[in-house]
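Quick caveat, the model's predicted, so the values are computed rather than measured. Order of appearance sets the numbers: ligands from 1, and atoms from 1 within every ligand.
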Amino acid sequence: MVDVKELIKKMTLREKLGQMTQLDGFYFSESSAVTGPISEMNISEDDILLLGSVLGTTGASQTTRIQKRHMEKSRLAIPLLFMADVIHGYRTIFPIPLALGCTWDPELVEQAMAAAAKEASVAGVHVNFSPMVDMVRDPRWGRVMETTGEDPYLNSLFAKAFVKAYQGSSYDVPYTLAACVKHFAGYGGAEAGRDYNTVELSNYTLRDQYLPAYKAAVDAGCDMVMTSFNTLDGVPSTANTWLLREVLRNEWGFNGVVISDWGAVKEIIAHGVAEDGKEAVLKSITAGTNIEMMTSTYLNWGEKLVEEGLLDEALIDEAVERILELKVKLGLFENPYRYADTEKEKEIILCKEHRELAYETAVQSLVLLKNDDDILPLDAANKKIALIGPFAESRSILGGWSCEGRDEEAVSIKEGLEAILPADSLFIAKGCDIEEGTDQDIADAVRLAEKCDVIIAALGEHAGMSGEAGSRAFLTLPGRQQELLDALYSTGKKVIVVLFNGRPLDLRPIVEHSAAVLEAWFPGTEGGNAIASVLLGKKAPSGRLTMSFPYTVGQIPVYYNHLNTGRPKLVDTIENRFCSAFLDIPNKPLFPFGYGLTYTTFEYADIKLDNNMLTPDSVIRVSAVVKNTGSRAGVETVQLYIRDITGSRSRPVKELKGFERIELQPGEARKVTFDITEDMLKFTRLDGKFDSEAGRFTAMIGPNAEDTLSVDFILDK
Ligand code: NOJ
């Protein structure tokens, strides 16, 4: 066993700074010579041998080659850590995280992400830059695709599931990886949804809405934290001592490694909080940013700062100790290659079992938004089906951050439908591309549609329109797609829209005129099979939104757990003027948080409490009876919300506190019961304590955040 403290004693200051620096695989290639990027970084070729970690290099043969060379040539033979973004799959690609959230099934997502970890670990990855748990309320921000949505409770459950999936119960469990939760903190609050923009948050909102999911990841044992690009209270996260030391280390007891996001140490200068690289280094090391990603300011300035007595070497030792401890924990000193194995890669990557999980997660993440006259599931017998739109035949449905995923390995909606439909029943036309199109193509598609009985329109955004730096101000369908759709409506045929996109879109024009709308997100490798199964009734949809869909862009941010205001709008009509409302649109989103249809219907009745007086050491139970009133079996996600009616601060109108996915046969009714404890009522009170306050509360049960039955109870303490 390596004694980390002893090892640090043997290290030169520059070797320590090397451990604190991460560059990508390019710098480790034998051909990368001292010219070009290395000299721009103002480091030498020898410095590469001092580095502690590699960004974004995957593949067993590549990682092994780099590690081998490093172990042979570097003075102290300290193994490299290989880190990568395995966000929703390595090569078998699962639905994007926003879609995974819509499964409301953390256990299933844990299985899927464990499969992703398995593929990545045999490809030589040691640390995964996931989970991304930034809470989001603004669909203009392209990175909403990487999150599980707008709710702190649900995000926390998923954060935990992701960490458990990667790290297992211990690193002795085969095919585990270290998790790196990001982006700490509040990155999802970027103003106007413009990526990298300023974040302006009250301490109350930060603590109660934004921080819980990061904390859940830390509580689950996550070994690494990545700082965010934004400022909080005017201080960039990477230089934020309050955030990184007081909150993360002291309050939450985190003792893993903190890494900056890409270039974020140097960006402290652009933020106007450091004069130059030297001050940026001083501030970020002092704040506790242990590794700098993709810039070399630590190596450029660290020694000088220590020599001049401005930076205490003990702070550097502290950082290096954490980094080396992680290497020890992962067993890299015993086996620097860990699970990297070219033979296992062949066996595990894209194996049948992983594809099945990709199918299952994709099925569960589809959200049915509209289904007039039960047009879905589609009765395809003796029907001619027109499949139209830029996504009709496209395999580019993996979504952003799809790591080693390859479009050619994905199943398109056409392929999925063809596998189930009788021969010669599917007729295909593109109609237009995602961003452009010709009159001729639209006319051809309409002509084809006219000859068919029903139209499936496969439309959406391309993957690059969401993800990092993927902000959009218009959330309608890009290019001429709406025009295509309008032309299809004018045929008088029923139109079923299947949407591929990385964010909630402005769907009003689509919802109004389509017979059915299925939100498919970017569904991953098995997307086409999953969509076809749901459209044709082999499977029933069960996904539920985890982000509100806005009525229109001007309503953003729109989220279910808002405060009441002093002038709440009681009835959602436009007449009532002097209240918190718009003159021209309703307050309600187009589709609320928690919403999603299936092929049957459910009725809620009889909400009851077993006792309406809760005390800190008791539990009360709230229940409602849910009945399947349709003619097919179906899965319902029964949701529990609570409102704290009066507090030392204004409290959200409702907050998700529990849910249960149940399956009911036609006609079957079941009483669904939730426990309520005092713990569930805690918040950051005006006195700064995270605690509950005695008083009146409302418990609500329903199928989504808008449609609930309610009953009141008292917390007595
Ligand atoms: C920048 C992104 O913000 C972050 O999420 C990612 O992990 C790093 N680049 C590394 O690729």
Q.
With heavy-atom distances below 4.0 Å as the criterion, list the atoms of ligand 1 near Phe229.
A. 3 (O)
Q | Aromatic plane relationship, Phe500 with Phe391 - under 30° parallel, 30 to 60° tilted, over 60° perpendicular | A | parallel
Q | Pairing of Glu110 and Lys164 as salt bridge, 4.0 angstrom limit | A | yes
Q: Measure the distance from atom 11 (O) of ligand 1 to every protein heavy atom, then report the residue, atom name and distance (to 0.1 Å) of the closest one.
A: Asp85 OD2, 2.5 Å
Q) In terms of the angle between their ring planes, are His183 and Phe229 parallel, tilted or perpendicular, with boundaries placed at 30° and 60°? A) parallel
Q) Does Met132 come within less than 4.0 angstrom of ligand 1, counting non-hydrogen atoms of the residue? A) no
**Q.** Within-cut-off N or O pair, Glu146 and ligand 1, under 3.5 Å
**A.** no
Q | Ring-face cation contact, Tyr559 with Arg137, 6.0 Å cut, 45° max | A | yes
(Q) Under a 4.0 angstrom heavy-atom cut-off, which atoms of ligand 1 come close to Lys182? (A) 4 (C), 5 (O), 6 (C), 7 (O)
(Q) Suppose the criterion is side-chain hydrogen bond (donor to acceptor under 3.5 Å, both in side chains): which pairs have a residue in residues 254-283, not counting sequence neighbours? (A) Lys278-Glu308
(Q) Between ligand 1 and Met83, can you find any atom pair, the residue atom being a heavy atom, that is separated by under 4.0 Å? (A) no
Q: Measure Gln22 to ligand 1 on non-hydrogen atoms and call it side chain, backbone, both or neither using the 4.0 Å cut-off.
A: neither
Q: Output the list of atoms in ligand 1 that are nearer than 4.0 Å to some heavy atom of Phe129, sorted by atom number.
A: 7 (O)
Q: Tell me whether the centres of the aromatic rings in Phe593 and Trp104 are closer together than 6.0 Å.
A: yes
Q. Looking at Glu251 and Arg207, does any basic side-chain N land under 4.0 Å from a carboxylate oxygen?
A. yes
Q | atom 8 (C) of ligand 1 - nearest protein heavy atom and its distance | A | Asp261 OD1, 3.4 Å
Q) Taking both backbone and side-chain atoms of Tyr187, is any N or O found less than 3.5 Å from an N or O belonging to ligand 1? A) no
Q: Run the ring-centre check on His126 versus Phe82 and record whether the distance is less than 6.0 Å.
A: yes
Q) Starting from atom 5 (O) of ligand 1, which protein heavy atom do you reach first, and at what distance in Å? A) His183 NE2, 2.6 Å
